[in-house]
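So the structure is just underneath, and the comments pick up after that.
Just so you know, residue 1 is the first one in the sequence shown, and it goes up from there.
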Amino acid sequence: MKLSFYLRLSKKNITTSGKTFGPYVFASSLSIMMYIIIHTLSKQNGFVARIAALSSLMYTGVYIVGFFSCIFIFYGNKFLIKKRMKEVGLYMLLGLEKKHIAGVLFFEFLACYFLSLFFGAIGSMLFGKLCFLILFKVSGIPSKINYSLSFSFLKPASIVFFCFFTINYLYNLKKISLLNPIQLLAEAKSGEKRSKYLRLKTFLAILFIGSGYTLSVLSLNPIAALKTFLPAVLLVIAGTFFFFESITIFILNKMKKRKSYYRPAKFISVSGMIYRMGQHAKGLASICILL
């Protein structure tokens with residue numbers, strides 16, 4: 001097929017499905033904006049020269065924001081592709097092959113990436129100076145430091161988030177390749193699948209959260225605390241996601257084995273909780289991490 005066909009179809013999909021693509025692009029733009037702002041603040045010469053600890057903390061924040069953004073964008077992509085399964089199934093029934101759909105998804109992926117990068121860069125220019133002034137006020141640096149923003153700070157963000165979007169694109173291709181048109185048409189209305197490896201995820205949740213808080217408690221020296229801050233935060237973030245995805249469902253499944261589960265009130269409440277936790281576990285974990 002001609003390149004113009006892919007371009008027209010991808011453009012039509014994005015414009016007509018604005019309610020689906022809009023929140024995804026907004027969330028991705030917000031993540032890119034946060035990453036650029038944190039990365040810019042970590043490179044300010046004034047902080048490096050006067051407060052080495054603050055500069056190290058901001059540099060650690062770059063990895064934390066990147067790690068969290070990867071999970072956040074992947075969760076948003078799963079919601080996006082689930083909503084579009086019926087559309088993809090119709091395309092296949094109309095005669096499009098999976099390689100043609102892969103081409104359309106590729107140009108949609110590029111459009112979402114560049115739109116997110118554009119709005120993220122605009123947001124960093126609008127709110128970067130404000131974040132710098134707030135940090136300047138909180139840190140109490142006596143001398144004046146000029147805030148500098150250049151397009152060179154856009155390069156690491158573009159590379160990092162291009163990798164994130166590429167992972168999402170490959171995930172979408174794998175999901176579509178495993179289903180036939182009939183399954184794609186029914187996928188949007190299907191419920192959440194049961195989470196696999198609950199025991200392993202439960203063990204990892206306890207291990208990660210316990211290790212993260214242990215590192216934070218044992219690091220009494222401020223200098224040593226800065227070195228263990230990054231691994232401690234990453235462990236707690238990973239453990240929180242595993243906690244909501246596994247431990248809560250694991251406990252609810254244990255409640256199902258009790259005889260009292262078959263009472264009408266308990267049966268409805270426990271079954272509803274299992275479904276909702278399987279569907280919204282990552283979203284609840286993201287809210288807890290942000291708070």
Side-chain angles (χ1 to χ4, degrees), residues 7 10-11 13-45 47 54-55 57-81 83-84 104-136 138 146-172 230 233-234 237 241 282-283 285-287 289-291:
L7 293 174
S10 59
K11 180 182 177 181
N13 291 339
I14 294 175
T15 53
T16 56
S17 304
K19 293 182 179 180
T20 304
F21 282 97
Y24 177 67
V25 173
F26 174 77
S28 302
S29 302
L30 189 63
S31 300
I32 293 174
M33 182 189 74
M34 292 171 57
Y35 185 89
I36 294 176
I37 291 175
I38 297 296
H39 188 270
T40 303
L41 293 176
S42 68
K43 297 295 183 179
Q44 296 299 314
N45 295 327
F47 290 139
L54 180 59
S55 176
L57 187 63
M58 297 302 299
Y59 186 75
T60 302
V62 175
Y63 290 96
I64 296 173
V65 172
F67 180 78
F68 181 74
S69 298
C70 179
I71 300 174
F72 195 59
I73 290 176
F74 183 75
Y75 176 68
N77 176 74
K78 287 185 67 176
F79 173 80
L80 175 67
I81 193 62
K83 290 292 184 180
R84 301 193 61 223
V104 174
L105 292 179
F106 174 75
F107 285 102
E108 292 176 359
F109 144 76
L110 286 181
C112 291
Y113 168 71
F114 284 113
L115 284 173
S116 302
L117 192 63
F118 174 76
F119 289 118
I122 296 297
S124 64
M125 288 188 289
L126 293 176
F127 298 102
K129 184 65 176 291
L130 176 62
C131 294
F132 171 78
L133 294 175
I134 294 173
L135 183 62
F136 186 87
V138 172
N146 293 323
Y147 175 76
S148 60
L149 177 65
S150 64
F151 287 103
S152 61
F153 294 127
L154 187 61
K155 183 178 179 180
S158 62
I159 296 174
V160 169
F161 282 87
F162 182 81
C163 295
F164 294 165
F165 274 81
T166 302
I167 293 172
N168 286 339
Y169 173 67
L170 295 176
Y171 169 83
N172 295 342
L230 176 60
V233 171
L234 294 180
I237 291 175
F241 276 95
K282 293 183 177 63
S286 301
I287 294 171
I289 294 170
L290 287 173
L291 294 177

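To the nearest 0.5 Å, atoms SG (Cys70) and CD1 (Ile167) are separated by 5.0 Å. Atom-to-atom distance recorded for Ile81:CD1 and Asn172:CG is 4.0 Å, nearest 0.5 angstrom. Put simply, CG on Asn168 and OH on Tyr24 are 4.0 Å apart, with the number rounded to the nearest 0.5 Å. Taking OH of Tyr63 as the reference point, atom CD1 of Ile38 lies at 14.0 Å (rounded to 0.5 Å). Taking CD1 of Ile122 as the reference point, atom CE of Met33 lies at 12.0 Å (rounded to 0.5 Å). With rounding to the nearest 0.5 Å, the separation of CG in Leu115 from OG in Ser29 is 7.5 Å.
Considering Ser124, Ser116, Ser158 as possible partners of Ile32, the one that fulfils the side chain to side chain contact (heavy atoms under 4.5 Å, CB included) test is Ser116. Partner Phe74 forms a ring pair (Phe, Tyr, Trp, His ring centres under 6.0 Å) with one of Tyr169, Phe241, Tyr171 and no other, that one being Tyr171. None of Phe161, Phe109, Tyr113 except one satisfies the side chain to side chain contact (heavy atoms under 4.5 Å, CB included) rule with Thr166; the exception is Phe109.
Put simply, the side chain of Ser28 does not reach to within 4.5 Å of the side chain of Phe119, judged on heavy atoms.
Minimum interatomic distance between Ile73 and Phe164 (heavy atoms only, all atoms of both residues): CD1-CD1, 4.4 Å. When all heavy atoms of Val65 and Ser31 are compared, the pair lying nearest together is CG1-O, 4.5 Å. Residues Asn13 and Phe21 approach most closely at O-CE1, 3.7 Å, considering heavy atoms. The shortest heavy-atom contact between Ala121 and Leu154 is CB-CD1, 3.9 Å. Looking at every heavy atom in both residues, Glu108 comes nearest to Ile14 through CA-CD1, 4.2 Å. In plain terms, the two heavy atoms of His39 and Pro156 that are nearest each other are CE1-CG, 3.6 Å.
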> Under the side-chain contact (heavy atoms from CB on, under 4.5 Å) criterion, do Ile37 and Met34 qualify, and how do the steps go?
Replying inline: CA-CA 5 Å; Ile37 291 175; Met34 292 171 57; 5.9 Å; no
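At most 12 non-hydrogen atoms from other residues, nucleotides or ligands lie less than 6.0 angstrom from CZ of Phe106.
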